[in-house]
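Note that these values count all heavy atoms, side chains included, but never hydrogens, waters or copies made by symmetry.
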Amino acid sequence: MKINRSNIWNKLELISLIGMLLVGFLQICSLTFGKKIISYCLWSTLIIGFIVCLHNLITIKKFKKDKLLGFLLLFILTYIISIFLNFNYGYYDNLRTLVWFTMLVFIAYLNNSMHDDKSKNLYTIIIVYLLGVFILNVFSFYTMLSGTWSFVLPKVSQTAPVYYLGFVWGRLYGVYWDANIGATMCAICIILSLEFIIKSNKKWMQLFGVISIILSFFYIVFSDSRTGLLGLVAGLFFWFLLRIFKSKSVILNLCKVFCIVVITIGANFGFKSLFNYLQEQGITHIEVHTVEDNTFTNFDINQNLNGVATEGKQAKSNQTNVETSKVTTEQQPKENEKKDQANNVGRSDEYKSDISNRRFDIWKSAIEIFNTKPLFGVTHNNVIKYTKENLPNTYIINNNHQEFDSMHNTFLDILVSQGLFGELTYLSIVGFIIIKMILNRKIIFENANEFCTPIALFFCMMAVSCVMTEIVYVTSPMATMLWLYIRKFMEEIKNAENS
């Protein structure tokens, strides 16, 4: 019996990609946040992923004409140099970050079967992503409708932020520990669902795609995430631009695209306003929880949980270390809970004094750090240690809210972490992809069905990365999907050029 080695590697590649998605989903879900199941899934993925990476490294010659790969390898090299130069501040977490991004390059980007029309692997990956977001959204809306809520209490600092589960502080967190990340995942889900609906032949699968779009859109609405809405608008603009744009009626089709964008934005604010009206009139009775500030400064976990178990080990996430403490409404001291009389969705009070929600101050700190180590940066995971020793008065560690280990902007994160060399390399990667799009615009418009989703995902993530850390340094499912589709874009361009 003849063994098809290509099929074996393709299956291993598929398994490792599914594992990478699962690790990302488990990391972002409050119900599994910091649990041992993440370690089991992570190590299984790392073992299989190492085999796939090694195979792709050995056979890397077949990618020798891929210029983008050269920039990606150079980006990895600049991070290695940064780790070496900042070894005294720490190295373990940086090595973990390096390993994961290497997997994104050697597994997600250098995949061998996802771009093949005859392969069902990409279709399988799309289904896994849609199912993951669908399940998280269902549980999220359950917490909203049932009034279930709790919080993730930081272990190391009383001034660190509290991550919520449920409908809290005017926004739906649900089972995502960060509402902005949840909303961005939903934006990606909507774009993928559109392709899923078009390419699916079975009615029930198309219906699943429609339901996924509805749930994801309403999560963006109730999460009150400007980040998620920004990503959705950017993605839909380019998706529909390629889908309906015809050269013979440029103005008309541009108007159609802008109408779709306006409708999307209008629907977001419209449904939010409708919900708030129904709440204020007493027609609906959904609780939006709030908590007094002194709950977390005076609340002793060990003495007040009355036997409720907490995680004994420090829970690792892609952005912070926290200890998960499940506290129901009944277990939380009632005098510390204060219900919003209007129970509205929205956080307008937060933006009255600072529309950026602290981002401008954080970005100023990023420039200050860059000025001290401009060439190769301080590495991503050494930011706090470095600033405490060298810039004790900078905003990210000297404010009344928390210590910020992320710059809330991917470009500035790279500037801080890998300095000028890393930043120029990353800009070369982004610029190379955009130039490819411009130079091959005729091919792209002629084959819009194949290009609309990769390009929509790219610009969705580019928009989001301007206000949050994504694409690099993270284990998120969004980063995995992005690099998969960047590869698909490059392959489609190559196939079109050769035909």
Could you report the tightest heavy-atom contact between M144 and I286, atom names first, then the distance?
O-CG2, 3.5 Å

Have a look at H380 and tell me which of Y386, Y473, F101 forms a ring-ring contact (aromatic ring centres under 6.0 Å, His included) with it.
Y473

For N440 and I443, indicate whether the former's side chain and the latter's backbone hold a donor-acceptor pair under 3.5 Å.
no

Should we say atom OH of Y142 is surrounded by more than 12 heavy atoms from elsewhere, each under 6.0 Å from it?
no

Which of parallel (below 30°), tilted (30 to 60°) and perpendicular (above 60°) describes F451 and F489?
perpendicular

For G231 and C460, work out which heavy atoms get closest and say how close.
O-SG, 3.2 Å

I'd like to know if the side chain of S200 and the backbone of K202 have a donor-acceptor N/O pair within less than 3.5 Å.
no

Carefully, step by step, assess L172 and T143 under the rule side-chain contact (heavy atoms from CB on, under 4.5 Å).
CA-CA 9 Å; L172 175 62; T143 66; 4.1 Å; yes

Answer whether the closest heavy-atom distance between the side chains of Y173 and S30 falls below 4.5 Å.
no

Under 3.5 Å donor-acceptor, W100 side chain and V472 backbone
no

Please find the pair of heavy atoms, one from F459 and one from A234, that lie closest to each other, and give the distance.
O-CB, 3.8 Å

I need the I214 CD1 to N137 CG distance, nearest 0.5 Å.
12.0 Å

Is R441 positioned over the aromatic face of F445, cation under 6.0 angstrom from the ring centre and no more than 45 degrees off axis?
no

Looking at OH of Y485 and CD of E195, how far apart are the two atoms once the value is rounded to the nearest 0.5 Å?
4.0 Å

In Å, rounded to the nearest 0.5 Å, how long is the span from CG of L122 to CG of N111?
8.0 Å

Minimum heavy-atom separation for A456 and G235, please, with both atom names.
CB-O, 3.3 Å

Side chain of N409, backbone of M468: donor and acceptor closer than 3.5 Å?
no

Would you say the side-chain atoms of T410 pair up with the backbone N or O of E470, donor to acceptor, closer than 3.5 Å?
yes

With side-chain hydrogen bond (donor to acceptor under 3.5 Å, both in side chains) as the test, would you mind laying out the steps for Q418 and S82 before giving the verdict?
CA-CA 6 Å; Q418 294 172 244; S82 182; over 6 Å; no

For I438 and I434: C-alpha separation, side-chain torsions, deciding distance, then whether side-chain contact (heavy atoms from CB on, under 4.5 Å) applies.
CA-CA 6 Å; I438 295 172; I434 294 175; 4.0 Å; yes

Could you walk me through whether L230 and V464 pass side-chain contact (heavy atoms from CB on, under 4.5 Å), step by step?
CA-CA 7 Å; L230 173 65; V464 165; 5.6 Å; no

Is there a side-chain contact between C29 and V175, using heavy atoms and a 4.5 Å cut-off?
yes

Check each of I213, L130, V133 against L192 using the side-chain contact (heavy atoms from CB on, under 4.5 Å) test, and report the only one that passes.
L130

Find out whether F432 and M490 are in side-chain contact, i.e. whether some heavy atom of one side chain is under 4.5 Å from a heavy atom of the other.
yes

For I414, is there any backbone N or O sitting under 3.5 Å from a side-chain donor or acceptor partner on E423?
no

Min side-chain heavy-atom separation T32-W177 under 4.5 Å
no

I220 vs I190 side-chain heavy atoms within contact, under 4.5 Å:
yes

Answer yes or no: is there a donor N or O on one side and an acceptor on the other, between the side chain of N381 and the main chain of D93, under 3.5 Å?
yes

Matching residue for D66 among K494, R487, K436 - test: salt bridge (charged side-chain N to carboxylate O under 4.0 Å, His left out)
R487

Looking at F141, I want to see if its CZ is surrounded by more than 12 non-hydrogen atoms of other residues, nucleotides or ligands under 6.0 Å.
yes

Taking side chain as C-beta onward, heavy atoms only, is L415 less than 4.5 Å from L412?
yes

Could you grab the distance from atom OG1 of T480 to atom CD1 of I18, nearest 0.5 Å is fine?
12.0 Å

Return the CG to CZ distance between N268 and F218, rounded to the nearest 0.5 Å.
10.0 Å

For L14, does its backbone N or O pair with a side-chain atom of N121 as donor and acceptor, under 3.5 Å?
no

L31, L21, T475, I38 screened by side-chain contact (heavy atoms from CB on, under 4.5 Å) with L26, the one that passes:
I38

Counting only heavy atoms not in K199 (residues, nucleotides, ligands), do more than 12 fall under 6.0 Å from its NZ?
yes

Under 6.0 Å from the CD1 atom of I251, do we count more than 12 heavy atoms belonging to anything else shown?
no

Partner of Y395 under side-chain hydrogen bond (donor to acceptor under 3.5 Å, both in side chains), picked from R358, K364, E368, is R358

Would you compute the distance between atom OG of S140 and atom CZ of F222 and round it to the nearest 0.5 angstrom?
12.5 Å

Minimum heavy-atom distance between S193 and G209, given as atom pair plus value
CB-O, 3.7 Å

Pairing donors with acceptors under 3.5 angstrom, does anything connect the side chains of Y79 and N94?
yes

Start with the C-alpha gap between L241 and L254, add the side-chain angles, then the distance that decides, and say whether side-chain contact (heavy atoms from CB on, under 4.5 Å) holds.
CA-CA 7 Å; L241 180 68; L254 274 176; 4.0 Å; yes

Establish, from distance only, whether the side-chain atoms of T394 and T387 form a donor-acceptor pair under 3.5 Å.
no

State, yes or no, whether a side-chain contact exists between E492 and I444 at a heavy-atom distance under 4.5 Å.
no

Find out whether Y123 and F196 are in side-chain contact, i.e. whether some heavy atom of one side chain is under 4.5 Å from a heavy atom of the other.
yes

Exam field: side chain D413 to backbone M407, donor-acceptor pair closer than 3.5 Å
yes

Verify, without hydrogens or angle tests, whether T372 (side chain) and I369 (backbone) share a donor-acceptor contact under 3.5 angstrom.
yes

Output field: ring centroids F238/F458 closer than 6.0 Å:
no

How far apart are the closest heavy atoms of N449 and R243, and which atoms are they?
OD1-NH1, 2.7 Å

